[in-house]
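Input: a single structure, listed below in structure tokens.
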Protein chains: 4
Amino acid sequence: MTEKQEKILSAAKILFSERGYSSTSTSAIAKAAGVSEGLIFRHYGNKEGLLLEIIREGEEVVKAMLFPIIMESDPKKVIKRTIELPFEVREEDYDFWRLQFKLKWELKNYSHEKMKPLEISLTSAFKQLGYRSPELEAEYLIIYIEALGEAILKNLLHDKQNMKLFLLQKYNV
Amino acid sequence: MTEKQEKILSAAKILFSERGYSSTSTSAIAKAAGVSEGLIFRHYGNKEGLLLEIIREGEEVVKAMLFPIIMESDPKKVIKRTIELPFEVREEDYDFWRLQFKLKWELKNYSHEKMKPLEISLTSAFKQLGYRSPELEAEYLIIYIEALGEAILKNLLHDKQNMKLFLLQKYNV
Amino acid sequence: MTEKQEKILSAAKILFSERGYSSTSTSAIAKAAGVSEGLIFRHYGNKEGLLLEIIREGEEVVKAMLFPIIMESDPKKVIKRTIELPFEVREEDYDFWRLQFKLKWELKNYSHEKMKPLEISLTSAFKQLGYRSPELEAEYLIIYIEALGEAILKNLLHDKQNMKLFLLQKYNV
Amino acid sequence: MTEKQEKILSAAKILFSERGYSSTSTSAIAKAAGVSEGLIFRHYGNKEGLLLEIIREGEEVVKAMLFPIIMESDPKKVIKRTIELPFEVREEDYDFWRLQFKLKWELKNYSHEKMKPLEISLTSAFKQLGYRSPELEAEYLIIYIEALGEAILKNLLHDKQNMKLFLLQKYNV
DNA sequence: GATGAATGAGTTTTCATTCAT
DNA sequence: TATGAATGAAAACTCATTCAT
């Protein structure tokens, strides 16, 4: 990947996340990236190709984030680290994550498969801890974690730290 | 509101919810509504005016949904009915709700104030039931309910009925 | 057909015939027609739609030209009028015809069916006049007439009048 | 001429003949030739330079084809071999010839001078054979031969062999 | 109230050409 | 000689909006 290619990518991430995919023009991306508009098309074929590349990257980041949790054997730790996930997002990555959430709504067929491995790990963890409905607990927690992430990104949460402790207590982890 | 005006509105709701606001052209709306393109502008001034009208309607529907819960005095019932909210959405209204969720991401300042009254009611309910952190519990539940709605609209929930019972049990309501 | 629509069409005819279809930009057409570029697309969908409309018109003109010949019962007159065809083209229509010839080469599937009725008439005429291979004579003459048209449009013919007489003599009509 | 140069040339010939000169992009040529886009410009200066080279080659091929006819002293043989010309084109050379015909229409001043020597030979042949208007006969035959070539390249001729015999008979050669 | 022709600015995309390596 | 990244201008096409009827 050339330097300009990266500039395009990062400009696109910022703009897509700020304005949404279809409200962002390729000319705006080119300007922000400091490259000619044509270059976007040379490297990514078309506007959608650029988006796809960003999505692909996003999927890899998610995978990398989930990996250590999935590898974890201690069930309590699996739950604990899952809860901690949304609180660990750094402010400098907010743009990136906002984009991922936005795309979930903007794209027709945005894959929701990324979380499957985590769901399996959580189900197993809840089972080991003797929960009555481990599958539902896992599904429940994942939905919640995603919603929490959304709330954090939008600054809707009154007190992040407190909410985190509250949740860890709730699950006794 | 004339018949054509309604047709415009309902076509716009469907298209906005399917493709998003900025990916939907006024000409597509006019075609879907079976009216001339000019008419949209006669009635709603511009594309954004049409959107605002839809948002206004949405807010009213939300208010109407929350009203009976807020009026409820029995704290257990407040929680119960809050949990039941996302499960009561009729399939024929999915388009409408999908649009509301989409707009949350597409619009810069889509109001999140709509849920404030419910938050107050829930806080009070949790307090009455002796919960240790009623504010956090209320915030938590609202975030969860919204996430659940999202999951239901996207057909991500494996077993709606079971999840509902699971939640009611969890809150002992 | 509105006035502007006609202006677009006639500007397109001139420019396509002068520069060829793919070397003519829609913006050049719009400028020449004195309309906005967008109007071309509103009326004809896309550049090719505009071309198709021109082709359709061309086919009608050809049909109209051939009609009186096909209706002719006197075999000698059928041949005579066929030969005269290319010599009757008015200079003001050269643009139009040049375009038709150009398109034969520029379009993948330009229909050559237009001449079929004339071929049938000619075959019958040659048969009535006792020619030995009427089908070949008809095919031969049509190819020749088209080539002659081409030569005339390109001003390659040294002496049109003389050539016409020469041909009429050759066929004894 | 290097190997890559030849590849460019032959790719260009094919593409120009299939799509026309202005509808063929240099990038398409480069891709088809398996070379970098820059190389075209290194070797031929610009797109037109490439075209000119192709035209030059075409003119040489035409010259070479006409040479033996022009050298022919027997008038009957001059006519005979002229008639046979379009029937001798090998199918593998169709692309090449299609391109020559296409260019006649696409280029403003595509030279029609190539046939001049043949016209002189034919005029002289017809004169020797006592034809009344040898100049017209020569002009007539050349126009016809070109049209025949066109028809053959487009597969419009019902029966090539028969047409050839028919023509040879017509001219009694 | 309703139509649909028309616009102009903007969008995505293409393309011939240059240039550093 | 050869590559391929990069450009800038122009191409095709879209779209919100206006306006005469």
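In what follows, chains are A, B, ... by sequence order, proteins preceding strands, each numbered from 1.
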What is the separation between atom CD1 on C:Ile29 and atom P on F:dC13, rounded to the nearest whole Å? 11 Å
Rounded distance (Å) that lies between atom P of F:dC13 and atom CZ of C:Phe41: 5 Å
Taking the side chain of D:Asn46 as its heavy atoms from C-beta onward, which of E:dA2, F:dA5, E:dT17 lies nearest to it? E:dT17
Pairing partner of E:dA16, by Watson-Crick or G-U wobble and under 3.5 Å for both distances, is F:dT7
DNA chain F: C:Ser22 or B:Gly38, which has the more 5' nearest nucleotide? C:Ser22
If you check the C:Ser25 side chain, which of F:dA11, F:dA2, F:dC13 turns out closest? F:dA11
Other residues, nucleotides, ligands: >12 heavy atoms within 6.0 Å of C:Glu3 CD: no
Reported CZ-to-OG distance for the pair B:Arg42 and B:Ser36, which is rounded to 0.5 angstrom: 10.5 Å
5'-most contact on DNA chain F: C:Gly45 or A:Leu39, nearest heavy atom basis? A:Leu39
For A:Lys47 and F:dC13, what is the distance between atoms NZ and C1' respectively, to the nearest whole Å? 14 Å
When C:His43 and B:Val35 are each assigned the nearest nucleotide of DNA chain E, the 5'-most assignment goes to B:Val35
Distance test, side-chain N/O of A:Thr26 to OP1/OP2 of E:dT12, below 4.0 Å: yes
Please figure out whether A:Glu37 or A:Arg42 has its closest DNA chain E nucleotide nearer the 5' end. A:Glu37
A:Glu6 CD to F:dA5 P, in whole Å, measures 14 Å
D:Ser36, nearest nucleotide to its side chain (from F:dA5, F:dT3, E:dG4): F:dT3
Ion pair D:Glu106/C:Lys102, N-O distance below 4.0 Å: no
How close or far is atom C1' of E:dT11 from atom CD of A:Glu48, stated in whole angstroms? 16 Å
Hey, does the side chain of A:Lys4 come within less than 4.0 Å of F:dA6's phosphate (OP1/OP2), counting only N and O? no
Presence of salt bridge, B:Glu150 and A:Lys104, under 4.0 angstrom: yes
Could you tell me the separation between the CD atom of C:Gln5 and the P atom of E:dT7, rounded to a whole number of Å? 12 Å
Which part of the nucleic acid does A:Ser23 contact within heavy-atom distance under 4.0 Å: base, sugar-phosphate only, or nothing? nothing
For B:Leu51 and F:dT17, give me the distance from atom CG to atom P, rounded to whole Å. 12 Å
What is the ring orientation for C:Tyr21 with C:Phe16, classed by angle as parallel under 30°, tilted 30 to 60°, or perpendicular over 60°? perpendicular
Nearest of F:dA11, E:dA6, F:dA6 to any side-chain atom of A:Thr2? F:dA6
Could you give the NZ-to-P distance, from B:Lys31 to E:dG4, as a whole number of Å? 12 Å
